[in-house]
Student: 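Dropping the structure in here first, questions after.
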Amino acid sequence: MIKNICCIGAGYVGGPTMAVIAQRCPHIKVTVVDLNEKRIAAWNDPDVNKIPIYEPGLSQVVAEARGRNLFFSTEVDQAIDEADMIFISVNTPTKTYGIGKGMAADLKYIELCARQIARVAKNDKIVVEKSTLPVRTASAIKDILDNTGNGAQFQILSNPEFLAEGTAIEDLFAPDRVLIGGDTTPEGQKAIQQLVDVYANWVPKDRILTTNVWSSELSKLTANAFLAQRVSSINALSELCERTGANVNEVAKAIGLDSRIGPKFLKASVGFGGSCFQKDILNLVYIAKSYGLHEVADYWEQVIIMNDHQKRRFAKNIISTLYNTVSGKKIAFLGWAFKKDTNDTRESAAIYVADDLVNEQAEIVVFDPKVGQEQIQFDLNYLNTRTEEENKNAVKSVANPYEACKNAHAIAILTEWDEFKSYDWKQIYDNMLKPAFVFDGRNILDKKALEDIGFKYHGIGVNEI
Ligand code: NAD
Ligand code: UDX
């Protein structure tokens, strides 16, 4: 029975996942390690509201388990040495250099982990791929472990994580399924069973699915590709709705009631963001290309092309509606995170919309309930399209939504935070320049109510012609 778990990587996946394992399995010691000292210090902050990741319900789980059987540390070697099972939960971003640049997953952090495990491990370990990885990565990890290790035996399992940010704790408490892939050998099957036993502490057995390693690795990329494809499909239709007078919310409802299609993931938006969808589809496209499967690659790439188009189209619509110029105009952004209930901004549509508008010399003032100035500047600087000084001058952030909207020509909703719906929109209107425009990139506001106040409302795929 597993008694000691180590997780390498204390990020959006490692942190919440391990916190829930520790809370649900008080008999297992769980140590989450990371090279990032600042991040670990934040996880250990005596004030649980200051942990580095915002997720509804996470701070309560951490408060219950931390110091009991949940630990956060930078002592990576020690945690590896003590563990029976090691989760690798490090980042696997899109490569920014060399072969596969802009498409393939960068596996350097994974390889570093494998080498470190091999160097430190003195007894047999089960190594679990929690990060999202290209199909067949397990064989590379095994190769490194077997050839650079000290003779310890390793079993590699694939256990991809399906949580979505903003609902991570709900998703971890009651997952649709837990997927575990392993070798078909007796040793592989034994390792699978040990991980099944960990999850079985709170997940019903019929939701724990076991497969071979390659099916598990590929299923994760595929699940994200299918989800993102639905968003791009409805977003493609949103543009057609704007030209034809159809309303995309009504179309989504009408098609979603067909039980074969289903209602989820049909919300038209300014475009999907987040650290996973784009990266994982690009990775899938790259894998298909590397096998010479060009039609397969092109098919999935279109999901990304559509998403890029949707983000650009949103910015263009703001510019053309504001009489073809936003130069010197104040545009208020409500929301910067890539979705509600998270402080994560990776690949957020807001970054790209801001970039396009700043190119047209707009002045942007952002309010996001969980994202501050420092992160916003980091995101813009990361794009590398202009100097830090220029970004600082063009995009500012304030801690009050009413202040953000004061004297603005237009408001753009970039994140679907619930609190936006309950603002005093009359007060906001009174303090704006006229005509006052709202560009609702999430279709969360009440079009009629805003129009009654006097706003000119532009939703995604809901304009009348
Ligand atoms: P993240 O960037 O938030 O966290 C990764 C952490 O790993 C960082 O804190 C980094 O410092 C640490 N790290 C990197 N190399 C290390 C090393 N050698 N030793 C110790 N620590 C190291 O990333 P994330 O969002 O948690 O994603 C992790 C993986 O999970 C990725 O493969 C991602 O695709 C996958 N995933 C993410 C989500 C999500 O919603 N974010 C969901 C499912 C799967
Ligand atoms: C995704 C997957 O859902 C999750 O299973 C996987 O483990 C990690 O990647 P995440 O990126 O955290 O999760 O959030 P998700 O809820 O999938 O949203 C991704 C993006 O799509 C967000 O920008 C969201 O706003 C957007 N989206 C989602 C839409 O625009 N419309 C929708 O109908 C659904």
Side-chain angles (χ1 to χ4, degrees), residues 6-18 32-40 42-43 52-53 55 72-77 79-80 87-94 105-117 129-134 137 159-168 171-172 175-177 220-221 223-228 230-235 238 252 256 263-281 283 307 310-311 335 337-342 344-350 414-416 441-444 460:
C6 156
C7 172
I8 309 181
Y12 281 87
V13 167
T17 312
M18 292 302 129
V32 192
V33 291
D34 205 295
L35 297 173
N36 184 334
E37 289 175 12
K38 211 171 134 198
R39 209 167 208 183
I40 291 296
W43 278 113
I53 286 164
E55 270 298 334
F72 295 93
S73 160
T74 49
E75 302 291 331
V76 184
D77 282 3
I80 292 174
F87 285 81
I88 302 182
S89 200
V90 300
N91 38 331
T92 50
T94 305
D106 190 343
L107 299 180
K108 71 178 171 205
Y109 305 110
I110 295 287
E111 177 161 348
L112 280 171
C113 288
R115 288 185 185 277
Q116 191 161 5
I117 295 169
E129 299 174 346
K130 187 49 114 180
S131 298
T132 303
L133 296 171
T137 306
N159 171 222
E161 185 47 61
F162 293 102
L163 68 79
E165 290 177 29
T167 52
D171 296 342
L172 288 164
D176 284 349
R177 78 313 206 176
K220 174 64 201 183
L221 291 184
N224 275 352
F226 270 62
L227 289 168
R230 281 176 71 96
V231 179
S232 275
S233 297
I234 199 73
N235 282 345
S238 72
K264 293 182 183 168
F265 260 72
L266 283 179
K267 199 139 189 37
S269 67
V270 54
F272 62 74
S275 64
C276 294
F277 280 178
Q278 174 166 305
K279 158 178 91 74
D280 293 347
I281 295 171
N283 188 359
N307 196 49
Q310 189 76 348
K311 290 182 275 188
F338 82 97
K339 62 184 283 198
K340 72 172 179 178
D341 292 340
T342 179
D344 196 351
T345 62
R346 288 177 288 182
E347 290 299 331
S348 178
L414 276 309
T415 313
E416 72 280 25
R442 297 290 182 165
N443 289 355
I444 53 166
I460 302 276

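We use all heavy atoms of the structure for the numbers below, so side chains are in, but hydrogens, waters and symmetry mates are not. Predicted model only: the values in this text are computed from it and were never measured. Order of listing sets the numbers, starting from 1, for every ligand and every atom in it.
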Student: So which heavy atom in the protein is nearest atom 40 (O) of ligand 1, and how far is it from that ligand atom?
Tutor: E165 OE2, 3.1 Å
Student: Could you tell me whether R39 approaches ligand 1 through its side chain, its backbone, both or neither, with non-hydrogen atoms closer than 4.0 Å?
Tutor: side chain
Student: Can Q116 be said to touch ligand 1, with heavy atoms closer than 4.0 Å?
Tutor: no
Student: When you check the gap from the basic side-chain N to the acidic O, do E165 and R346 get nearer than 4.0 Å?
Tutor: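 Yes.
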Student: With a 4.0 angstrom cut-off on heavy atoms, strictly below it, pick out the residues next to ligand 2 and order them by chain and number.
Tutor: E161, F162, L163, A164, E165, K220, N224, L227, V231, F265, L266, K267, S269, F272, G273, C276, F277, F338, K339, R442
Student: Determine, step by step, whether K279 and T132 satisfy the side-chain contact (heavy atoms from CB on, under 4.5 Å) criterion, reporting the C-alpha distance in whole Å, the side-chain angles of both residues, the deciding distance to 0.1 Å, and the verdict.
Tutor: CA-CA 10 Å; K279 158 178 91 74; T132 303; 4.2 Å; yes
Student: Got Q310 and S238 here, is their nearest side-chain heavy-atom distance under 4.5 Å?
Tutor: yes
Student: If you count the atoms of ligand 1 from 1 in the order shown, which ones are under 4.0 Å from a heavy atom of Y12?
Tutor: 3 (O), 24 (P), 25 (O), 26 (O), 41 (N)
Student: Can you name the ring pair (Phe, Tyr, Trp, His ring centres under 6.0 Å) partners of F265, sequence neighbours left out?
Tutor: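 Ring pair (Phe, Tyr, Trp, His ring centres under 6.0 Å) list for F265, sorted by chain: empty.
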Student: My understanding is that only residues two or more places apart in sequence, or in another chain, count here; which of them pass side chain to side chain donor-acceptor pair (under 3.5 Å) with E111?
Tutor: R115
Student: For atom 33 (C) of ligand 1, what is the nearest protein heavy atom, given as residue, atom name and distance?
Tutor: K279 NZ, 3.7 Å
Student: Find the distance between CG (N235) and CD1 (I460) and round it off to the nearest 0.5 Å.
Tutor: 7.0 Å
Student: Of all residues at least two apart in sequence or in a different chain, which pass the ring pair (Phe, Tyr, Trp, His ring centres under 6.0 Å) check with F277?
Tutor: F272
Student: From atom 17 (C) of ligand 1, work out which of L35, D344, T92, T132 has a heavy atom at the shortest distance.
Tutor: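 That would be L35.
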Student: Any heavy-atom pair between the side chains of K220 and N224 that's under 4.5 Å?
Tutor: yes
Student: Show me which atoms of ligand 1 lie under 4.0 Å from any heavy atom of C276.
Tutor: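 Reading through ligand 1 atom by atom, the close ones are 37 (C), 38 (C), 39 (C), 40 (O), 42 (C).
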Student: Quick one: does N91's side chain get under 4.5 Å of S131's, heavy atoms only?
Tutor: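 In short, these two side chains do not touch, never coming nearer than 4.5 Å.
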Student: Nearest protein heavy-atom contact for atom 7 (O) of ligand 1: which residue, which atom, what distance?
Tutor: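 For atom 7 (O) of ligand 1, the nearest protein heavy atom comes out as G9 CA, 3.4 Å.
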Student: How does R346 reach ligand 1, by side chain, by backbone, by both or by neither, if only non-hydrogen atoms under 4.0 Å count?
Tutor: side chain
Student: What is the closest protein heavy atom to atom 14 (C) of ligand 1, and at what distance does it sit?
Tutor: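 In this structure, atom 14 (C) of ligand 1 has N91 OD1, 3.3 Å as its nearest protein heavy atom.
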Student: Any ion pair linking K130 and E161 (charged N to carboxylate O, less than 4.0 Å)?
Tutor: yes
Student: From atom 6 (C) of ligand 1, work out which of N224, D34, D171 has a heavy atom at the shortest distance.
Tutor: D34
Student: Nearest protein heavy-atom contact for atom 4 (O) of ligand 1: which residue, which atom, what distance?
Tutor: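 Ranking protein heavy atoms by distance from atom 4 (O) of ligand 1, first comes G11 CA, 3.2 Å.
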Student: Is S89 touching ligand 1 with its side chain, its backbone, both, or neither, if touching means heavy atoms under 4.0 Å apart?
Tutor: backbone
Student: Do F87 and V32 have side chains that approach each other closer than 4.5 Å (heavy atoms only, starting at C-beta)?
Tutor: no
Student: Should the proximity of S131 to ligand 1, defined as any heavy atom under 4.0 Å, be assigned to the side chain, the backbone, both, or neither?
Tutor: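 Both backbone and side chain.
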Student: Do the non-hydrogen side-chain atoms of I8 and I117 ever get within less than 4.5 Å of each other?
Tutor: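 I8 reaches I117 side chain to side chain.
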Student: Does ligand 1 have any atom sitting under 4.0 Å from a heavy atom of L163?
Tutor: yes
Student: Taking the side chain as every heavy atom from C-beta outward, state whether N283 and T92 have any pair of such atoms under 4.5 Å apart.
Tutor: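 A side-chain contact is absent here, since even the closest heavy-atom pair is not under 4.5 Å.
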Student: Counting heavy atoms only, which of V13, I8, N283 comes nearest to atom 26 (O) of ligand 1?
Tutor: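 Residue with the shortest heavy-atom distance to the ligand atom: V13.
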Student: For atom 13 (N) of ligand 1, which of the options D280, V90, L133, L221 provides the nearest non-hydrogen atom?
Tutor: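 Answer by nearest heavy atom: V90.
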Student: Apply side-chain contact (heavy atoms from CB on, under 4.5 Å) to the pair D341 and T167, showing each step before the final yes or no.
Tutor: CA-CA 8 Å; D341 292 340; T167 52; over 6 Å; no
Student: How far is atom 43 (C) of ligand 1 from its nearest protein heavy atom, and which residue and atom is that?
Tutor: E161 O, 3.1 Å
Student: For the residue pair F338 and D344, establish whether any side-chain heavy-atom pair is separated by less than 4.5 Å.
Tutor: yes
Student: Would a 4.5 Å heavy-atom cut-off, applied to side chains only, mark V33 and C6 as touching?
Tutor: yes
Student: Heavy-atom contacts with K220 under 4.0 Å: which atoms of ligand 1 show up? List them by number with element.
Tutor: 43 (C)
Student: Show which atoms of ligand 1 fall inside a sub-4.0 Å distance from at least one heavy-atom site of S275.
Tutor: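 What qualifies from ligand 1 is 41 (N).
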